[in-house]
Amino acid sequence: MADSFLDLGDPEQPAKPEAYRVLARKYRPRNFAELIGQDAMVTTLANAIRRGRLAHAFLLTGVRGVGKTSTARLIAKALNCIGTDGTGGPTIDPCGMCEPCQAIAGGRHIDVIEMDAASHTGVDDVREIIDASRYSAVSARFKIYIVDEVHMLSKNAFNALLKTLEEPPAHVKFLFATTEVSKVPVTVLSRCQRFDLRRIPADKLAQHFAHVAQAEQVVAEPEALALIARAAEGSARDGLSILDQAIAHAGVEGGAVTAAAVRDMLGLSDRGAVRTLLDHLVKGEGTASLAALRQQYALGVDPQAVMRALLELVHAITLAKLGTPADAGQSAEERTALSAWAEQLSFPALHRLWQLLLRGHDEVARAVLPIEACEMALLRLIHAASLPDPADLARRLMAGEGAPAVRTETQGAGAATGEAGGAGPPTPVIASCEALVHLLEQRGQLRLAETLRLTASIVSFAPGAITLSNARPVPAEVAAELTAALRALTGASWRVTLADQPGAPTMRETVAASDAAALEQLKQMPLARAVLNQFPDAQILAAEPRQRSIS
């Protein structure tokens, strides 16, 4: 009977699965050796610790995700580490095994206080820090206050902190982190040792992501990791978040993180498709360009992303033309295409492409109809690309040659025409300051013409560029007004600058000198001398040119 009541104990419970930690938290740097891209700061800290020259307050600045908070925790570890035997001192290589290191890593050390200034902005929050800082650390070597996003503190809170920050107790260290250092008062900056954490280069991020993927037993294409590194824009946390998403996305694609999957996930434009689009643009093929754009749009690519990809491609071509080393993330076919474009396109053409694309990118970003705005921007680029180079056009006009013909898409590739049916009056040629003033007077801009006549001392005058002497006072608005007037008159961009060096005489001075010379020549004539001798008080006031009769 007793056997029927035999206690067998509680049934075995299934083990609860461990909560998943995202990669950005799982792979936070545990020591300074794992902190990527911040070698200069680590060297400075190591020397300061080695020589016992530790500041009482540190300010860590930088964009999101470069490791500001992680660095603050590593500094807290470095200052409070006691080593595995309990006898160690401050070190740039904390052991990670002692009780202070493990407690700080777990965020539970009683003497390392972390505060988010975004939610504790007032004077009362700072007063608590000031009051608590008077007491010694409970178990650590230093009592450390880590204040994240410190720029969010109110003005009164900053003022309340100043005295303690300037003369803190010997056992207290302050570690401030911020993404907007410009909002931190100068009075606070001057009391801190500042470290600017840099954006992490894309190649280092790609290497880091490769190690993470290997540790997670995930196969990832190098091009996919390079795409993630570019999208991260120097932020390790952003990149790891994207990689986390890509790994989850890869579960449907067979377990591997591929470049195609990353592009699809991020809505990035395929680099091959972008090269094809740029090729159509350079050749002036409007219909093919719009078709290539619409194909990308149908695949879910944002028009602004297309414009950005084109900007990146033009920038890469320019670097290739300069002879800079190729990006490690570029494929062989991309390098070949860049080299071909670098030989084909001149620097002025690349600069025009860049400016037009940049303007189009901004227009698409603000547009109510983004895809339509993108199409119009590309068509404008095609039209501008088919126009002759302004400098070459100016040289031809100055030499008396005709303007080069402009190719249009309807005439086919390579076709040209010299006629401009119904195009209006020809563009005036301005070869001198006198011609410019005369043209301004003809177009009714009398005030600007008179200002130039009286004050314009020319240092250099060439089609497209005018330099005025600033040795004598020139109205401040002349350069801007003249630039706008020249654009309206010629339809081309002119550069008007002021130089602190002497220039040629103004038109008024030239006329005055000419009149004086004519008057002096008149005085030397025998008849004039005889008159002056006969009438000593007489004066010759001006010499008027003899009027010629027209038969």
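- Looking at residues two or more places apart in sequence or on another chain, you find a side chain to side chain contact (heavy atoms under 4.5 Å, CB included) between Arg359 and Glu363, Arg380.
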(message) Is there a side chain to side chain contact (heavy atoms under 4.5 Å, CB included) between Leu353 and Leu345? Walk through the geometry before answering.
(response) CA-CA 10 Å; Leu353 280 173; Leu345 299 173; 4.1 Å; yes
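- Here the rule is side chain to side chain contact (heavy atoms under 4.5 Å, CB included) with Leu175, and of Leu60, Ile146, Leu59 only Ile146 fits it.
- From Leu35, atom CG reaches atom CG of Leu197 across 7.0 Å, with rounding to the nearest 0.5 Å.
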(request) Would you sort out whether Val257 and Leu225 count as a side chain to side chain contact (heavy atoms under 4.5 Å, CB included), showing the intermediate values? (result) CA-CA 8 Å; Val257 177; Leu225 298 179; 5.5 Å; no
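- The heavy-atom pair separating Ile228 from Ala246 by the smallest distance is CD1-CB, 4.2 Å.
- Note that the CG atom of Leu378 and the CG atom of Leu277 stand 6.0 Å from one another [nearest 0.5 Å].
- Using a 4.0 Å cut-off between charged nitrogen and carboxylate oxygen, Glu312 and Arg230 do not count as a salt-bridge pair.
- Atoms CG and CG, on Leu486 and Leu440 in that order, are 7.0 Å from each other to the nearest 0.5 Å.
- Ring pair Phe58/Phe195 is parallel by interplanar angle, where below 30° counts as parallel and above 60° as perpendicular.
- Not a single donor-acceptor pair under 3.5 Å links the side chain of Gln304 to the backbone N or O of His361.
- At least one side-chain heavy atom of Leu23 sits under 4.5 Å from a side-chain heavy atom of Ile247.
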(request) Test side chain to side chain contact (heavy atoms under 4.5 Å, CB included) on Glu221 and Val262 and set out the steps. (result) CA-CA 10 Å; Glu221 293 180 356; Val262 171; over 6 Å; no
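- Using a 4.0 Å cut-off between a side-chain N of Lys or Arg and a carboxylate O of Asp or Glu, Asp279 and Arg275 do not qualify as a salt bridge.
- Side-chain atoms of Ser457 come within 3.5 Å of backbone atoms of Ala504 as a donor-acceptor pair (strictly under, hydrogens ignored).
- The pair Arg447-Glu450 does not meet the salt-bridge criterion, since no charged nitrogen lies less than 4.0 angstrom from a carboxylate oxygen.
- Within a 6.0 Å sphere centred on CZ of Arg308, other residues, nucleotides and ligands contribute 12 heavy atoms or fewer.
- Counting only heavy atoms from C-beta outward, the side chains of His208 and Leu240 approach each other to under 4.5 Å.
- Considering Thr43, Leu45, Thr44 in turn, Leu45 is the only one that fulfils the side chain to side chain contact (heavy atoms under 4.5 Å, CB included) rule with Met41.
- Across Ser190 and Thr187, no two heavy atoms sit closer than the pair OG-O, 3.1 Å.
- Considering only heavy atoms from C-beta on, Val212 stays 4.5 Å or farther from Val218 through its side chain.
- Using a distance-only test at 3.5 Å, with no hydrogens or angles considered, a donor-acceptor pair links the side chain of Arg199 to the main chain of Glu233.
- Heavy atoms from other residues, nucleotides or ligands lying under 6.0 Å from CE of Met376 number 12 at most.
- The closest donor-acceptor contact from the side chain of Thr324 to the backbone of Leu319 lies under 3.5 Å.
- In summary, the side chains of His438 and Glu434 do not present any donor paired with an acceptor at a separation below 3.5 Å, with no hydrogens or angles considered.
- Taking CD1 from Ile242 and CG from Asp238, the interatomic distance works out to 6.5 Å, rounded to the nearest 0.5 Å.
- Between the CG atom in Leu452 and the CG atom in Leu468 there is a gap of 7.5 Å [rounded to 0.5 Å].
- Nearest heavy-atom pair across Ser241 and Ala24 is OG-CB, 4.4 Å.
- Here the closest non-hydrogen pair linking Ala117 and Thr121 is O-CG2, 2.9 Å.
- The distance from atom CD of Glu441 to atom CG of Leu436, rounded to the nearest 0.5 Å, is 10.0 Å.
- Checking side-chain atoms of Lys321 against main-chain N and O of Leu338 turns up no donor-acceptor pair under 3.5 Å.
- Exactly one of Glu216, Arg237, His211, Glu34 qualifies for a side chain to side chain donor-acceptor pair (under 3.5 Å) with Tyr27. That residue is Glu216.
- A salt bridge is defined here as a Lys NZ or Arg NE, NH1 or NH2 lying under 4.0 Å from an Asp or Glu carboxylate O, and Arg194 with Asp196 meets this definition.
- Within the 4.5 Å cutoff, the side chain of Leu310 has heavy atoms near those of the Val274 side chain.
- Minimum heavy-atom separation, Ala232 to Arg64: O-NH2, 4.4 Å.
- Proximity of a side-chain donor or acceptor of His315 to a complementary backbone N or O of Leu311 within less than 3.5 Å is not detected.
- Using a 4.5 Å heavy-atom cutoff, the side chains of Val150 and Phe158 are in contact.
- Across every non-hydrogen atom of Ala259 and Leu227, the tightest pair is O-CD1, 3.7 Å.
- Using a 3.5 Å distance cut-off with no hydrogens or angles, the side chains of Thr467 and Ser460 do pair a donor with an acceptor.
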(message) Determine whether Arg28 and Arg73 satisfy the following criterion, side chain to side chain contact (heavy atoms under 4.5 Å, CB included), listing intermediate values before the conclusion.
(response) CA-CA 11 Å; Arg28 264 184 170 166; Arg73 292 174 180 171; 2.5 Å; yes
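- At a threshold of 4.5 Å between non-hydrogen side-chain atoms, the residues Arg495 and Thr483 do not count as touching.
- Of the possible polar contacts, one joining the Asn159 side chain to the Lys155 backbone as a donor-acceptor pair under 3.5 Å is found.
- Using a 4.5 Å heavy-atom threshold, the side chains of Phe176 and Leu161 count as touching.
- Annotation: side chain of Leu293 is in contact with side chain of Ile371 (closest heavy-atom distance under 4.5 Å).
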